[in-house]
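Since the structure comes first, as structure tokens, the remarks are kept for the end.
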Amino acid sequence: MLGPFAVSKTFYITTPIYYVNDKPHIGHAYTTIACDVMARFKRLDGFDVKFLSGTDEHGQKVAKAAKDQGISPQELCDRNSKNFRDLLGVIGASNDDFIRTTEERHKVACQALWKQLEANGFIELKKYAGWYAVRDEAFYDEGELTKNADGVLVGPTGAPVERVEEENYFFKLSAFQDRLLKFYDTNPDFIGPKSRFNEVYSFVKGGLNDLSISRTTFSWGVPVPGPKGDDPKHIMYVWIDALTNYMSALGYPNTSGDYAKYWPNVMHMVGKDIIRFHCVYWPAFLMAANLAPPQRVFAHGWWTVEGQKMSKSLGNVVDPNDMVAKYGLDQIRYFLMREIPFGNDGDFAEAAIAGRINGELANELGNLAQRGLGFIAKNLGGELPSPGAFTAEDTELLKAAADIIGPVREAMDKQGFDKALDAIWSVVRAANVYVDRQAPWALKKTDPARMNTVLYVMAETVRHLGILMQPFVPTSANKMLDQLGVPAGERTFAHLGYAHALKPGPLPAPTPVFPRYVPAGEAQAPKPPKGAK
RNA sequence: GGCGGAGUAGCUCAGGGGUAGAGCAGCGGGAUCAUAAUCCGUUGGUCGGGGGUUCAAAUCCCUCCUCCGCUACCA
């Protein structure tokens, strides 16, 4: 199956904008790593890629936090936005841009979109009276309220509510039910995984209410544009502000340049908590402005920690900095992409992480490279030998390594990271079997020419694996390719296959690429070999 | 309450009318190039319970139980 992006060869991928009041944790890292893997994969596959991340900086909670700390909201945003920007570096993200909703380019884009929606007749001013919870920044219906133990009226989240009468602008979301359903029908790949598609579909089918899109009770936001400059009373409320970031970063309302190049060839990666906003509101906003909806939204799951929900009160919130320091960056990236089918929830457990690192990265892949390159270093003076004629076994392995990009690409087009790695691992395992069967250490005495061919086939297979693993473990994969002497410009998927095979000659001294992980406090002593007396 | 998903080996999961599968863990063996890694073999399951359709059901139908997601509503 061709992916939705196969036609135009540009690919725009976004993380959500992270709320500056939050502290970066493994969940943020997960979303961003998934985007980064996609972005790197598409670049290696010949796409012109733009990868965006950023921070969401408006709202009452930010204003209040700043006030509590005696600083301006902008100061607070500057400080906290940096935490997320720093995280990108920590996890090796290759983003091309970083957008902040307090930037001028974003204000311009939001106001332009607003004016377009207004001109098209989809915004109206309505008096609204309702129960408002400051803590949740949300209105609740009368029926949703309960009295808590102290007799205070609270919303479904337990947040106290107050009666508020406000004049708000509303977006006529209700007008889009049919158009959205038709859009889903004709774009069955719009939402992944499939189960989320069905949820969104049935939500829209159940009917849509108009959406309040402005606030007058606080001022930390993008001003609503009026006929003569900004409306002094209203600021835009959350989603119309937040979602627009994806277009602000393309230069909207300028529809030439990046906008023309990348929109709507975009994929939004989101957590499952914000799927409705991306799959219902966002396409509706865009349709209302005569713009094309995005091509795909993928909602990923949550991580528990050792089987428990991650929460501040449990004190088990995983700091990405700690994890990277403890296990290694590529190791964490690999674990997060490999452990679960993307879209499912997963468990961030020491035993599982160690198992993946040692069993797969160190033992199977890392050791494969090291046993081959180490052999060449020790027995052939570090010279990659010239191969002789290939046997059926040689050809079979080389072909498997060269052809696996097909299934890998197919998996990646559906964000099946685990499936892609599964496919790559079929080659890793085949290569280890090959080495055992060919036994170059035995050929050393009996048939050195054949030994040379076997070592060459090994090295060439590792070259393929190095190229294929770059999106997932960029540093380590490139280290592998360095050790094979593969030039930096010859590491894309176009260089898979025998046409770009390794040239015999001197290689740098090999060192193991994926160290084994030894849990802190555990003895370094390895378990005794099987059959040891 | 409604809609949807799930329940298969110790663990994580795949399969979806025709002899129950993979990875990990376990057990046995081989190899000794390598990060004590690798390779081969193998134990293990009346496929959530019950009923039905069928020559044949993990698979289709009914029903019940348990878990999860979305959604609605009541006081």
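Each chain gets a letter, A, B and so on, in the order the sequences are listed, and its residues count up from 1.
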Across the strands shown, which category fits [X] at heavy-atom distances under 4.0 angstrom: base, sugar-phosphate, nothing?
X	answer
A/R429	sugar-phosphate
A/N198	nothing
A/V513	base
A/P512	base
A/G366	base

Q: Give none if B/A72 has no partner; otherwise give the nucleotide forming a Watson-Crick or G-U wobble pair with it, both distances under 3.5 Å.
A: none

Q) Considering Watson-Crick and G-U wobble pairs with both distances under 3.5 Å, what does B/U35 pair with? A) none

Provide, to the nearest angstrom, the distance between the [atom1] atom belonging to [X] and the [atom2] atom belonging to [N].
X	N	atom1	atom2	answer
A/D345	B/C68	CG	C1'	9 Å
A/N379	B/A34	CG	P	8 Å
A/R437	B/U38	CZ	P	16 Å
A/Q438	B/C40	CD	P	14 Å
A/K445	B/C33	NZ	C1'	11 Å
A/L365	B/U38	CG	P	12 Å
A/K194	B/G4	NZ	P	15 Å
A/I357	B/G23	CD1	C1'	18 Å

When the [atom1] atoms of [M] and [N] are compared, how many Å lie between them, rounded to an integer?
N	M	atom1	answer
B/G48	B/G5	C1'	15 Å
B/G15	B/A22	P	15 Å
B/G45	B/G2	C1'	36 Å
B/U54	B/C68	C1'	33 Å
B/G17	B/C60	P	7 Å
B/A75	B/G4	C1'	28 Å
B/A9	B/A14	P	12 Å
B/A6	B/C62	P	15 Å

Q) How do A/R196 and A/G374 order along RNA chain B: which one's closest nucleotide is nearer the 5' end? A) A/G374

(Q) Closest-nucleotide mapping onto RNA chain B: is A/K378 or A/E199 further toward the 5' terminus? I mean the 5' end. (A) A/K378

Q | Ring-face cation contact, A/F335 with A/R356, 6.0 Å cut, 45° max | A | no

Q: Show the numbers, then the answer: is there a side chain to side chain contact (heavy atoms under 4.5 Å, CB included) between A/I213 and A/W239?
A: CA-CA 7 Å; A/I213 53 168; A/W239 291 106; over 6 Å; no

Q. Within a strict 4.5 Å, meaning less than it, do heavy atoms of the A/V204 and A/F176 side chains meet?
A. no

Q) A/W441 on top of B/C33's base, within under 5.5 Å and under 30°? A) yes

Side-chain H-bond candidate by donor/acceptor type, [X] with [Y], under 3.5 Å:
X	Y	answer
A/Y334	A/S476	no
A/N198	A/S195	no
A/E360	A/W425	no

Q. How are the rings of A/F190 and A/Y184 set to each other: parallel, tilted or perpendicular (split at 30° and 60°)?
A. parallel

Q. Do A/N363 side-chain and B/A37 base share a donor-acceptor contact under 3.5 Å?
A. no

Q) If only side-chain N and O atoms of A/R371 are considered, is one of them under 4.0 Å from the OP1 or OP2 phosphate oxygen of B/U38? A) no

Q: Please tell me which of the listed nucleotides, B/A37, B/C40, B/G30, lies nearest to the side chain of A/V433?
A: B/C40

